[in-house]
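Per chain, numbering begins at 1; letters A, B, ... match sequence-line order. If you're wondering where the values come from, they're calculated on a predicted model, not measured in any experiment.
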Amino acid sequence: MDNGIVITGVGAVTPFDNFWASIKAGNVIPDSKINLTMFDKESTQILKGDLFRTANYDSKIFVTACGKALKDAEIDLRKTDRAKVGISAGACFGGIESYESFHQSIRENRQEPASFSNSLGSVPPAITSLLWEITGPCIVASGEFSVGAMAIIHGVNLIKEGICEVVLAGGWEKLSTTSVERYRLKGMLSKSGICRPFDKERDGLVLAEGAGVLVIESEQHALGRGKTPYAFVKGAGMGSSSQQNEIEQAMKNALSESKMEVVDYISASANSSVELDREEAMAIKNVCGKDIPVTSIKSMLGETLGASGVLSVITAVLSMRDNIIPPTINYSKVDTECNIKIVQSPIFTPINSVLVNSIGLDAISIILKKHPLLALGEK
Amino acid sequence: MERAVITGIGLITCVGKGKEIFWKSIMEGKSSISEVTLFDTSKYRNRLGGEIKGIDPEIQDRAWYLLSSAAKEAVSDAGIELKEVKEGRVQIIVGTAHGELIMWGNYYDALRENDEVKAEELCHYFSPWTLSKRLSQDFGIKSLTITTSTACTASTIALGLALNKIRRREADVVIVGGVDVLSEFIFAGFDSLRALTLSVCKPFDKKRDGLILGEGSGVLIIEGISHALKRNAKVYAELAGFGTYSDAVHLTAPDRRGRGATLSLSAALKDAQVKPEDISYINAHGTGTIYNDRMECVAIKKIFEEYAYKIPISSIKPVIGHTSGASGVIEAALCALCIQDNVVPPTINFEEPMLDFEFDFVPGKYRETLVTITASMNSAFGGSNACVVLKEL
């Protein structure tokens, strides 16, 4: 039996003008920052009047991703009891640019109330609740690379517990001096500026901005409104660190909750970090064997921190719809410590299930399975 | 479904370190609000706050200092050996509005001054999510960690997540903390929004004019009931119900109709399977601002109707200040102590009720009364509201 939690809509806002087309094609992001003018039309349509003038960049990218996801899900929230709609979100350094500007305004004796109100990481989801008059629970988490995946799990739980029928679950990240300098000072950034997951010459992270949002619902609710879901969220697992044994734990727990033994491919968390990629590769080999296809979209997209787990899930969902495994680019030198099968160019093959890893402070694995009605539509 | 109980309490606020001094000061209504010395307050309209005095000003990670102090007390109070709990069965959830904000400010200043050495030294621990991870490392346990960041409801929502983890048997023990520090950032922020009182914080009073900021940390040990009983733990109360809903009306102002607070309160009661008239005490968010206090009264009236006039309601914020994201856990701890000792705390500085809401705010002096079930309410920026219900076991 399926647990009945489905994904019916996805929204991605990244430095690419077309996220999925670029990922499929194996393109590299044109810039680490999102060119908001690309999305201005959409965000101005969504964010109205005063809200648009005072909203910070964090809110603009998160709200735009929410708008895209709702549109993709073809859902009219006005027809839903909005106390039964929830929001679950996460970011790594949420609202940090407003922290920077308010801090600076104090130093210069000209306190800006708007920067203070925007400095909280809970503001972008709060603005989302204002725009769509969503009165259900709003859970916001702060965490490292895996926080977006954590937000998805919190969202799934809101539906499982019967508190919500529909949840907007997502993550976002706006790059700031605070975050970029932190990773530079910690020696985690790539000196070459090239993200090459699992490659022998990988040398650290390439940071980028992003926002990703999913519309998740109970299957009953989706079918009830005549919407064919993309996929089931079949199971999730967690481990308490980014070490190999904890990643294995997360993957095994996700497989066991999904009652599945294999998946069609693995969307890896690998972000070109020397240690993290090795730990993940060894965990994948131990749990799923060395022949399962593995790919990391971070080779194209970079590490989008709070958004990365959600953008990986979005990719997995679209890869099942289009039956394609996206490539891992920049991979040329085999690292014997990462002895797994890296997908180097797109593979066109039926995809029915994907395991997505998202690893940061914790290790999180989420398993997605194509919805039978979506599969039926292909024939 | 496994039930969740509270087996340990740890607290640190401006009244002092430890739950004994907290309990005594709250009951005596002895406020420790004083002139703030952490930064220069001369350019602000108010100079007072619930600052914790006597902490070495050289300590950069003040939030960690407060959180680890409360966490150690809670674990020792619960009499639990965390390393003896089955591996992977302990989780940690910390709620904070701003985390290590003072350290972050110093880090950001160092970056702007191109002081690489200082910036490098400060870059490791300023993010809110490092607090829960540090706690797990400090205790020497492998633990999943979550950091909730919904401003002033952050640790209330952390309690809700913990309750569901216990119910689903994902953990045997969840250490739930709330922490926030008093910094010039928050002080200047509330001042710029004109939310600070120009006199004293007097929740629910007709002449209330704003809040007093505080700082502190509260930590609760939440345990599955069978785990607690098996080790003969002392149980303060059952964490019986939780609800959280949003106003969806305004970014900084509460909904005048109290929609989110009403939904949260009613959901928490339903979740705990209790009726409004079963509640013996309400701990209000009671910040002392004009709109928050009225909004809460509207919500209480909607749910409790005529019984609203019979139920003791109080706010401890005039005593310890508004501790932002820490207030949810600190106030839940207070409710657990009320259940243990059958006494409810006073709302100090309360003189005259506002129009329409002449409720029993327990003015001035504590009251001995049977306390079996409590509701504790919190609200935040962004229209977030949350409520927890505790029950005598």
Side-chain angles (χ1 to χ4, degrees), chain A residues 51 54 82-83 87 90-94 99-100 102-107 109 111-113 115-123 125-127 129-130 132-144 147 150 154 157 160-161 163 177-178 181-182 185-186 238-241 246 249 361-362, chain B residues 43 88 96-99 101 104-105 107-109 111-112 116 119-120 123-124 126-129 132-133 136 142-151 154 157 160-161 164 168 184-186 188-193 243-252 259-260 263 267 380-384:
Chain A
L51 272 179
T54 55
R82 271 163 289 174
I87 300 168
C92 191
F93 303 90
Y99 274 92
E100 293 175 353
F102 188 66
H103 180 84
Q104 205 50 35
S105 77
I106 298 174
R107 290 278 179 274
N109 258 323
Q111 286 78 317
E112 301 165 342
S115 314
F116 178 68
S117 318
N118 278 312
S119 63
L120 288 153
S122 53
V123 167
I127 292 186
S129 80
L130 294 179
W132 284 281
E133 294 176 35
I134 294 169
T135 54
C138 181
I139 313 268
V140 188
S142 157
E144 216 175 16
V147 71
M150 172 96 75
H154 291 159
N157 287 338
K160 274 190 191 165
E161 286 154 16
I163 294 167
T177 308
T178 292
E181 289 299 296
R182 178 180 190 271
L185 289 163
K186 284 175 84 81
M238 291 183 62
S240 66
S241 74
E246 294 294 318
Q249 188 73 46
L361 288 181
D362 303 304
Chain B
K43 55 186 170 189
T96 180
H98 303 277
L101 191 51
W104 170 79
Y107 160 79
Y108 188 63
D109 285 341
L111 287 180
R112 290 186 61 91
E116 286 268 317
E120 204 275 329
C123 78
H124 303 280
F126 67 76
S127 300
W129 33 267
S132 52
K133 220 40 182 185
S136 115
K142 278 186 176 179
S143 159
L144 292 175
T145 58
I146 299 176
T147 304
T148 51
S149 54
T150 48
I157 287 180
L161 293 178
N164 287 321
R168 288 195 302 267
E184 184 170 6
F185 187 98
I186 305 185
F190 278 96
D191 184 72
S192 73
L193 294 173
T244 180
Y245 285 88
S246 310
D247 288 343
V249 168
H250 194 274
L251 191 57
T252 52
R259 198 160 52 162
L263 284 167
F381 260 30
S384 171

Whatever's closer than 4.5 Å to a heavy atom in chain A on Ser143(B) counts as backbone
Among Leu101(B), Asp109(B), Leu263(B), which has the most heavy-atom pairs under 4.5 Å with chain A? Asp109(B)
Once you round to the nearest 0.5 Å, how far does CD of Glu181(A) lie from CZ of Arg112(B)? 12.0 Å
Under 4.5 Å from any heavy atom of chain A - which part of His98(B): both
Relative to chain B, which of Arg82(A), Met238(A), Glu112(A), Gln249(A) shows the most heavy atom pairs under 4.5 Å? Met238(A)
Among Ser105(A), Gly121(A), Ala83(A), which residue forms the greatest number of heavy-atom pairs with chain B at distances under 4.5 Å? Ala83(A)
Okay, Phe190(B) and chain A: the region with an atom under 4.5 Å from a heavy atom over there is both
Between Ser149(B) and Ser122(A), which heavy-atom pair has the shortest distance, and what is it? O-CB, 3.4 Å
For a quick test of reading the model, state the closest non-hydrogen atom pair linking Thr244(B) to Ile139(A) and the distance between them. CG2-CD1, 4.4 Å
Which bit of Glu246(A) comes within less than 4.5 Å of chain B, counting heavy atoms only: side chain, backbone, both or neither? side chain
Do you know which two heavy atoms are closest between Tyr245(B) and Thr135(A), and how far apart they sit? CD2-O, 3.2 Å
Part of Lys133(B) lying under 4.5 Å from any heavy atom of chain A: side chain
Taking side-chain contact (heavy atoms from CB on, under 4.5 Å) as the test, write out the residues that go with Leu130(A), two or more places apart. Leu51(A), Leu251(B)
With chain B as the partner, which of Ser240(A), Ala91(A), Ser142(A) has the greatest number of non-hydrogen pairs under 4.5 Å? Ser142(A)
Check each atom of Thr54(A) against the heavy atoms of chain B and say whether the ones under 4.5 Å are side chain, backbone, both or neither. neither
Contacts of type ring-ring contact (aromatic ring centres under 6.0 Å, His included), residue His103(A), not counting sequence neighbours: Trp104(B), Tyr108(B)
Of the backbone (N, CA, C, O) and the side chain (C-beta and beyond), which part of Ser132(B) lies under 4.5 Å from a heavy atom of chain A, both, or neither? neither
Engaged part of Leu120(A) at the chain B interface, taking heavy atoms whose separation is under 4.5 Å: side chain
N/O donor-acceptor pair under 3.5 Å between Tyr107(B) side chain and Arg182(A) backbone: yes
Is there side-chain contact between Asn164(B) and Asn157(A), with at least one heavy-atom pair below 4.5 Å? no
Enter the distance from Thr145(B):OG1 to Glu144(A):CD here, rounded to the nearest 0.5 Å. 10.5 Å
Please tell me if the side chains of Thr178(A) and Phe126(B) come closer than 4.5 Å, counting only heavy atoms from C-beta onward. yes
Heavy-atom contact with chain B under 4.5 Å, split by part of Glu100(A): both
For residues Ser117(A) and Phe381(B), report the shortest heavy-atom separation together with the two atoms involved. CA-CE2, 4.1 Å
Provide the closest heavy-atom pair for Cys123(B) versus Leu185(A) in the form atom of the first, atom of the second, distance. SG-CB, 4.0 Å
Atom CG of Asp247(B) and atom CD of Glu133(A): how far apart are they, to the nearest 0.5 Å? 12.0 Å
Considering only heavy atoms from C-beta outward, does the side chain of Cys138(A) approach that of Thr150(B) to under 4.5 Å? no
Is any side-chain heavy atom of Lys43(B) closer than 4.5 Å to one of Ile106(A)? yes
Nearest-0.5 Å distance, CD1 of residue Ile146(B) to CG of residue Leu361(A): 11.5 Å
Minimum heavy-atom distance between Phe102(A) and Phe185(B), given as atom pair plus value: CE2-O, 3.2 Å
So which residue, Gly383(B), Gly105(B), Gly99(B), ends up with the most heavy-atom pairs under 4.5 Å with chain A? Gly105(B)
Between the main-chain N or O of Gly136(A) and the side-chain N or O of Ser246(B), is there a donor-acceptor pair closer than 3.5 Å? yes
Per-residue tally against chain A (heavy atom, under 4.5 Å) across Leu111(B), Thr148(B), Thr252(B) peaks at Leu111(B)
Select, from Cys92(A), Ser241(A), Gly90(A), the one with the greatest count of heavy-atom pairs under 4.5 Å involving chain B. Cys92(A)
The interface call for Ile157(B) against chain A, heavy-atom contacts under 4.5 Å, is side chain
Proximal component of Ser127(B), with respect to chain A [non-hydrogen, under 4.5 Å]: side chain
